[in-house]
Amino acid sequence: ATEILKWAVQVFGPDIALATSFGAEDQVLTDLWTGIAPRPRLFTLDTGRLFQETYDVMHATIHRYGIPCKVFAPDTVELARLVERDGPNLFYESIEKRKACCEVRKTRPLARALTGLRAWVTGLRRGQSITRAAVQAIEWDDTHGLYKICPLYDWTQEQVWEYIHDHGVPYNALHDRGFSSIGCAPCTRAIVSGEDIRAGRWWWEQPEHRE
């Protein structure tokens with residue numbers, strides 16, 4: 001993972017950034033990157049429905065590493081129209097409405113965040129879900145027109161947590177309460193033993209739709 005990051009930083013220079021949701025994988029990448037370059041370029045998407053624990057680890061990370069994190073939020077007019085039309089809990093009603101919510105709160109802010117970059121780094125791993133089983137270390141992102149770098153593509157969940165504990169990396173307290181993957185509060189729950197690690201995201205949908 002370190003070698004992949006080093007290569008990406010050398011090739012893309014200042015035009016590469018880490019998209020972080022302050023989950024376990026993103027925290028590992030932040031720690032790895034600060035060992036390569038002291039001030040990596042980070043950005044996050046604040047959907048407006050995040051857990052307080054996510055803000056807590058964001059605060060701890062900024063202060064631990066002494067680096068800023070650029071925040072991208074939904075357009076207030078678009079968000080107001082969405083909620084006025086379909087209500088604040090529209091995502092439970094259908095896949096289409098859930099995707100409409102994600103479009104306003106995540107997809108469009110992400111597109112703004114990636115504008116001007118030549119590559120972005122993500123914490124995607126093959127073992128996270130069936131929709132991520134084919135993740136490669138370096139991919140071309142057709143949707144956004146830039147390279148997507150996934151340094152942890154072949155890491156196991158055990159490797160991620162071993163790194164976090166060995167290096168004292170700050171992490172979201174919800175992980176200790178059974179939350180393996182953390183997104184917006186209304187759309188994330190803890191999982192039980194034997195469930196897929198992404199089972200707590202949009203749990204009311206079929207696995208192939210949870211992305």
Side-chain angles (χ1 to χ4, degrees), residues 1 18-32 42-61 69 71-72 74 89 91-92 95 97-99 101-107 109-110 113 120-137 139 141 143 148-165 167 169-211:
L18 168 63
T20 179
S21 62
F22 300 96
E25 288 81 5
D26 299 331
Q27 293 299 93
V28 168
L29 289 171
T30 298
D31 191 80
L32 285 172
L42 308 183
F43 72 83
T44 194
L45 309 179
D46 187 347
T47 65
R49 301 295 298 268
L50 301 179
F51 289 95
Q52 178 58 43
E53 289 83 352
T54 300
Y55 295 114
D56 291 341
V57 73
M58 177 181 178
H59 187 85
T61 301
C69 181
V71 178
F72 290 85
N89 296 324
F91 31 80
Y92 295 133
I95 292 174
K97 287 187 177 182
R98 193 271 289 172
K99 289 184 176 180
C101 188
C102 287
E103 174 75 17
V104 171
R105 293 184 184 272
K106 296 173 64 177
T107 307
L110 175 61
W120 61 307
V121 179
T122 82
L124 298 184
R125 295 188 296 105
R126 289 176 177 174
Q128 288 172 324
S129 68
I130 60 173
T131 59
R132 297 180 177 182
V135 166
Q136 301 296 317
E139 303 179 353
D141 184 341
T143 301
K148 181 162 65 175
I149 314 298
C150 308
L152 306 182
Y153 76 106
D154 60 349
W155 280 38
T156 64
Q157 187 178 20
E158 290 73 23
Q159 285 176 298
V160 170
W161 283 102
E162 182 179 0
Y163 184 96
I164 286 174
H165 293 310
H167 294 82
V169 176
Y171 65 89
N172 195 315
L174 291 175
H175 288 307
D176 291 333
R177 303 176 208 163
F179 287 77
S180 56
S181 178
I182 303 167
C184 292
C187 301
T188 308
R189 66 164 173 80
I191 63 171
V192 297
S193 179
E195 282 192 300
D196 181 88
I197 63 172
R198 295 273 296 175
R201 301 291 294 275
W202 308 298
W203 66 91
W204 60 92
E205 298 180 3
Q206 294 300 310
E208 62 269 20
H209 298 140
R210 294 177 191 157
E211 193 57 81

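Values below: every heavy atom of this structure, side chains too, minus hydrogens, waters and symmetry copies. All figures in this text were calculated on a predicted structure; none of them were measured in a lab.
Within the 4.5 Å cutoff, the side chain of Asp56 has no heavy atoms near those of the His59 side chain. Looking at heavy atoms from C-beta onward, Phe91 lies in side-chain contact with Arg49 at the 4.5 angstrom threshold. Taking the side chain as every heavy atom from C-beta outward, Asn172 and Thr54 approach each other to under 4.5 Å. Between Phe179 and Glu53, every side-chain heavy-atom pair lies at or beyond the 4.5 Å cut-off. Counting heavy atoms from C-beta on, the side chains of Tyr163 and Gln27 never come closer than 4.5 Å.
Residues passing the ring-ring contact (aromatic ring centres under 6.0 Å, His included) test with Tyr55: none are found, sequence neighbours excluded. Legend: residues meeting side chain to side chain contact (heavy atoms under 4.5 Å, CB included) with Ala185, ordered by chain and number and at least two apart, are Phe51. Applying the side chain to side chain donor-acceptor pair (under 3.5 Å) criterion to Asp154, with sequence neighbours excluded, gives no partner residue. For the side chain to side chain donor-acceptor pair (under 3.5 Å) test, no residue two or more places apart in sequence or in another chain qualifies with Thr30. Looking at residues two or more places apart in sequence or on another chain, you find a side chain to side chain contact (heavy atoms under 4.5 Å, CB included) between Thr44 and Thr20, Phe22, Met58, Cys69, Val71. In this structure Gln157 satisfies the side chain to side chain contact (heavy atoms under 4.5 Å, CB included) test together with Arg125, Trp161, Ser180, Ile197, sequence neighbours excluded. Scanning for side chain to side chain contact (heavy atoms under 4.5 Å, CB included) contacts around Ala137 gives Ile4, Tyr153, with sequence neighbours left out. By the side chain to side chain donor-acceptor pair (under 3.5 Å) test, His167 is found to be paired with no residue, residues two or more places apart in sequence or in another chain being considered. Evaluation of the side chain to side chain donor-acceptor pair (under 3.5 Å) rule for Glu162 yields no partner, not counting sequence neighbours. Residues meeting the salt bridge (charged side-chain N to carboxylate O under 4.0 Å, His left out) test with Arg126, sequence neighbours left out: none.
Scanning all heavy atoms of the two residues, the minimum distance from Ala24 to Val160 falls at CB-CG1, 3.8 Å. For the residue pair Pro170 and Thr61, the shortest heavy atom distance occurs at CG-OG1, 4.1 Å. Shown here for His175 and Ile182, the closest heavy-atom pair between the two residues is CE1-CD1, 3.6 Å. Minimum interatomic distance between Leu29 and Thr122 (heavy atoms only, all atoms of both residues): CD1-O, 3.3 Å. When all heavy atoms are compared, the tightest approach of Leu50 to Gly183 is CD2-O, 4.0 Å. In terms of heavy atoms, Ala1 sits closest to Leu152 at CB-CD2, 3.8 Å.
Put simply, SG on Cys102 and NZ on Lys97 are 14.5 Å apart, with the number rounded to the nearest 0.5 Å.
Side-chain atoms of Tyr92 come within 3.5 Å of backbone atoms of Pro186 as a donor-acceptor pair (strictly under, hydrogens ignored).
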